[in-house]
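Step one of this worksheet: look at the structure below.
This structure is a prediction, so every number in the text was calculated from the model and none was measured.
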Amino acid sequence: AVWVPANVKSLEVEKIIKENAGDIIVRGPELFDEFKKENQISYAFRLVFQSYDRTLTDAEINEIMTKITNKIKENNGWQVR
């Protein structure tokens, strides 16, 4: 989930996720929740990672999620929760 200023559309956050998720994402990002509070909105996304030829490791997924998180944090006022 990501807190962003109320004027930010979910598609903007989705675009950053897609650009940084890599090739093993098979579904998503899918917006499944929105919550507005004061001048911010929280968007929650579901991501599904899968490999058809091996078992994915926590380290692989953590690396991707860290990359996505860092890109999101580059935007002023955006915060991963």
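In the hydrophobic cluster analysis, where Ile, Leu, Val, Met, Phe, Trp and Tyr join through side-chain heavy atoms closer than 4.5 angstrom, V80 is grouped together with V4. No chain of hydrophobic side-chain contacts below 4.5 Å, direct or via other Ile, Leu, Val, Met, Phe, Trp or Tyr residues, connects V48 to Y43. In the hydrophobic clustering of this structure, W3 does not group with V8; members are Ile, Leu, Val, Met, Phe, Trp, Tyr whose side-chain heavy atoms approach within less than 4.5 Å, directly or through other members. If you chain together hydrophobic residues whose side chains sit under 4.5 Å apart, I25 and L31 fall into the same group. Under the 4.5 Å side-chain heavy-atom criterion for ILVMFWY residues, a single connected hydrophobic cluster contains both L47 and L56.
Counting heavy-atom neighbours within 6.0 Å of D33 CG, excluding the residue itself, gives a total above 12. Shown here is N76, whose CG atom has no more than 12 heavy atoms of other residues, nucleotides or ligands within 6.0 Å. Residue E63 qualifies as open at atom CD: its count of foreign heavy atoms under 6.0 Å is 12 or below. Around the CG atom of N39, the shell of radius 6.0 Å holds no more than 12 heavy atoms that belong to other residues, nucleotides or ligands.
Each of T66, N70, I64 was compared with I68 under the side-chain contact (heavy atoms from CB on, under 4.5 Å) criterion, and only I64 meets it.
Two residues are said to be in side-chain contact when any heavy atoms from C-beta on lie closer than 4.5 Å; V13 and I17 meet this criterion.
Ionic pairing of R54 and E60 is present here: one or more N-O contacts between side-chain nitrogen and carboxylate oxygen are shorter than 4.0 angstrom. Using a cutoff of 4.0 Å between basic side-chain nitrogens and carboxylate oxygens, E14 and K18 are scored as salt-bridged.
Here the closest non-hydrogen pair linking F49 and A21 is CE2-O, 3.9 Å. Here the closest non-hydrogen pair linking F45 and S10 is CZ-O, 3.7 Å.
R27 CZ to R46 CZ: the interatomic distance, rounded to the nearest 0.5 Å, is 6.5 Å. A distance of 4.5 Å separates CD1 of I16 from CG of N75, quoted to the nearest 0.5 Å.
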Going through the distances and angles, do Q40 and F35 end up as a side chain to side chain contact (heavy atoms under 4.5 Å, CB included)?
-> CA-CA 9 Å; Q40 290 190 313; F35 174 73; over 6 Å; no
Kindly indicate, with the supporting measurements, whether the criterion side chain to side chain contact (heavy atoms under 4.5 Å, CB included) is fulfilled by K9 and E12.
-> CA-CA 6 Å; K9 303 293 182 203; E12 294 176 58; 3.9 Å; yes
Would you check, one step at a time, whether the test side chain to side chain contact (heavy atoms under 4.5 Å, CB included) holds for S42 with E34?
-> CA-CA 6 Å; S42 172; E34 266 182 50; over 6 Å; no
